[in-house]
Chemist: 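Before I ask anything, let me first share the structure, which is written out below as structure tokens.
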Amino acid sequence: EYKQFKVSPDGQSFAYVTDQLGQYKIYVTYLSSINKKYKIYKREFKMYRINDKTYPVLAWHPSSEILAFLTEEKGLLSMHYFDINSGGIEVKALFNMEKVTDMAYSNDGKQMVFSGVYKGQSDLFLYNIAANSHKNLTQDIYDDLNPKFIDNSTKIVFSSNRTNDSLGTKAKNQEF
């Protein structure tokens with residue numbers, strides 16, 4: 001099973017995840033070395049079980065020199081930064097977040113926008129990479145998914161189940 005196929009911004013590399021019986025691997029292929037794929041990460045054991053197929057989540061830095069990927073291990077989220085030049089991986093813990101479903105870099109590569117789950121609620125978060133911190137951009141009952149920066153990272157587009165196309169309305173949580 002293949003998932004999370006991501007092409008680097010310069011178009012010279014691509015990354016993807018394979019999943020076989022719950023064991024996932026992340027591969028990077030460089031177009032300059034045809035038919036050469038490099039496994040950069042591997043986790044879990046092959047087992048028949050119910051697997052969480054939502055991890056890892058991948059995103060390319062705008063420079064195309066860093067592939068960020070987020071994993072969940074033992075209930076903790078970790079952000080990994082793979083440097084394609086050195087082959088090294090830097091890891092940072094991501095706190096106060098239950099799940100991240102998608103992420104994207106800003107144009108300058110200093111921030112990311114996440115679609116994340118916190119306290120059972122799907123919202124958007126702005127992540128400062130240097131400070132390893134994030135803040136809520138939305139906080140309501142609606143699902144906010146697949147965020148991307150646009151207009152030179154001055155705006156964010158995302159998909160949602162909102163009843164209108166504006167964030168101007170704050171709905172209160174309702175019991176059904």
Side-chain angles (χ1 to χ4, degrees), residues 1-6 15-26 40-61 66-82 89-106 109-150 153 155-176:
E1 185 174 324
Y2 296 88
K3 56 188 180 178
Q4 284 286 316
F5 181 84
K6 304 282 180 164
Y16 60 94
V17 177
T18 64
D19 188 322
Q20 186 176 19
L21 295 174
Q23 180 182 69
Y24 63 85
K25 299 173 187 173
I26 302 173
I40 63 166
Y41 196 77
K42 174 180 148 183
R43 276 294 179 265
E44 304 300 333
F45 297 99
K46 291 181 184 177
M47 295 176 65
Y48 288 103
R49 61 178 174 226
I50 298 173
N51 297 308
D52 182 359
K53 295 183 180 264
T54 59
Y55 286 107
V57 179
L58 309 179
W60 281 101
H61 187 275
I66 297 173
L67 175 68
F69 59 96
L70 199 119
T71 63
E72 179 187 35
E73 297 170 21
K74 298 181 181 175
L76 300 175
L77 298 181
S78 297
M79 179 66 78
H80 306 256
Y81 300 96
F82 172 72
I89 296 178
E90 179 184 346
V91 182
K92 293 182 179 180
L94 187 64
F95 299 105
N96 297 322
M97 188 78 61
E98 295 168 13
K99 185 174 227 32
V100 171
T101 59
D102 199 7
M103 60 187 184
Y105 271 98
S106 63
K110 295 180 180 179
Q111 297 181 331
M112 290 179 142
V113 62
F114 290 153
S115 173
V117 177
Y118 182 65
K119 294 186 178 178
Q121 189 169 298
S122 170
D123 288 308
L124 297 182
F125 297 86
L126 187 63
Y127 176 66
N128 182 312
I129 295 168
N132 192 33
S133 64
H134 55 80
K135 67 177 183 176
N136 274 78
L137 296 177
T138 60
Q139 193 169 10
D140 52 32
I141 63 171
Y142 301 107
D143 294 325
D144 303 327
L145 306 168
N146 310 109
K148 302 287 181 249
F149 284 100
I150 60 167
S153 297
K155 298 177 184 173
I156 297 170
V157 295
F158 60 96
S159 54
S160 178
N161 60 350
R162 297 171 186 279
T163 55
N164 61 34
D165 64 354
S166 170
L167 292 178
T169 318
K170 293 223 179 210
K172 297 188 182 216
N173 289 342
Q174 301 173 2
E175 289 188 29
F176 296 99

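In this chain, numbering begins with 1 at the start of the sequence shown.
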Chemist: Partners of S106 by side chain to side chain donor-acceptor pair (under 3.5 Å), sequence neighbours excluded?
Modeler: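 For S106 the side chain to side chain donor-acceptor pair (under 3.5 Å) partners, ignoring immediate neighbours, are D108.
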Chemist: Output all residues satisfying ring-ring contact (aromatic ring centres under 6.0 Å, His included) with Y16, sequence neighbours left out; order by chain, then residue number.
Modeler: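 Listed in chain order: Y2, Y27.
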Chemist: Holding to side chain to side chain contact (heavy atoms under 4.5 Å, CB included), I want the full list of residues that pass it with A131, two or more places apart in sequence or in another chain.
Modeler: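 Testing A131 for side chain to side chain contact (heavy atoms under 4.5 Å, CB included), a comparison that skips the adjacent residues, returns N128, S133.
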Chemist: Using the ring-ring contact (aromatic ring centres under 6.0 Å, His included) criterion, which residues pair with Y41? Sequence neighbours excluded.
Modeler: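 Residues passing ring-ring contact (aromatic ring centres under 6.0 Å, His included) with Y41: F69, H80.
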Chemist: Kindly write out the residues that satisfy salt bridge (charged side-chain N to carboxylate O under 4.0 Å, His left out) with K3, not counting sequence neighbours, or none if the list is empty.
Modeler: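 Scan of K3 (salt bridge (charged side-chain N to carboxylate O under 4.0 Å, His left out), adjacent residues dropped) gives D19.
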Chemist: Any pair with a residue in residues 71-81 that passes salt bridge (charged side-chain N to carboxylate O under 4.0 Å, His left out), sequence neighbours left out, goes on the list, sorted by first then second residue, please.
Modeler: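 Salt bridge (charged side-chain N to carboxylate O under 4.0 Å, His left out) check on residues 71-81 returns R43-E73.
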Chemist: Could you pull out all residues at least two apart from T54 that satisfy side chain to side chain contact (heavy atoms under 4.5 Å, CB included)?
Modeler: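 Scan of T54 (side chain to side chain contact (heavy atoms under 4.5 Å, CB included), adjacent residues dropped) gives D52, K99.
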Chemist: Between CG of L94 and OG of S78, what distance do you get to the nearest 0.5 Å?
Modeler: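 Going from CG on L94 over to OG on S78, the span is 8.5 Å.
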Chemist: Can you name the side chain to side chain contact (heavy atoms under 4.5 Å, CB included) partners of A68, sequence neighbours left out?
Modeler: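 M79, Y81, M103, Y105, M112.
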Chemist: Mind checking what makes side chain to side chain donor-acceptor pair (under 3.5 Å) contact with K148, not counting sequence neighbours?
Modeler: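 So K148 forms a side chain to side chain donor-acceptor pair (under 3.5 Å) with D102.
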Chemist: Please enumerate all residues that pass ring-ring contact (aromatic ring centres under 6.0 Å, His included) together with F5, with sequence neighbours excluded.
Modeler: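 So F5 forms a ring-ring contact (aromatic ring centres under 6.0 Å, His included) with F14.
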Chemist: Can you name the salt bridge (charged side-chain N to carboxylate O under 4.0 Å, His left out) partners of K119, sequence neighbours left out?
Modeler: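 Partners of K119 by the salt bridge (charged side-chain N to carboxylate O under 4.0 Å, His left out) criterion come out as none, since no residue qualifies.
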Chemist: Indicate the atoms forming the closest heavy-atom contact of A93 with N132, along with that distance.
Modeler: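 For A93 and N132, the tightest heavy-atom pair comes out as O-ND2, 2.9 Å.
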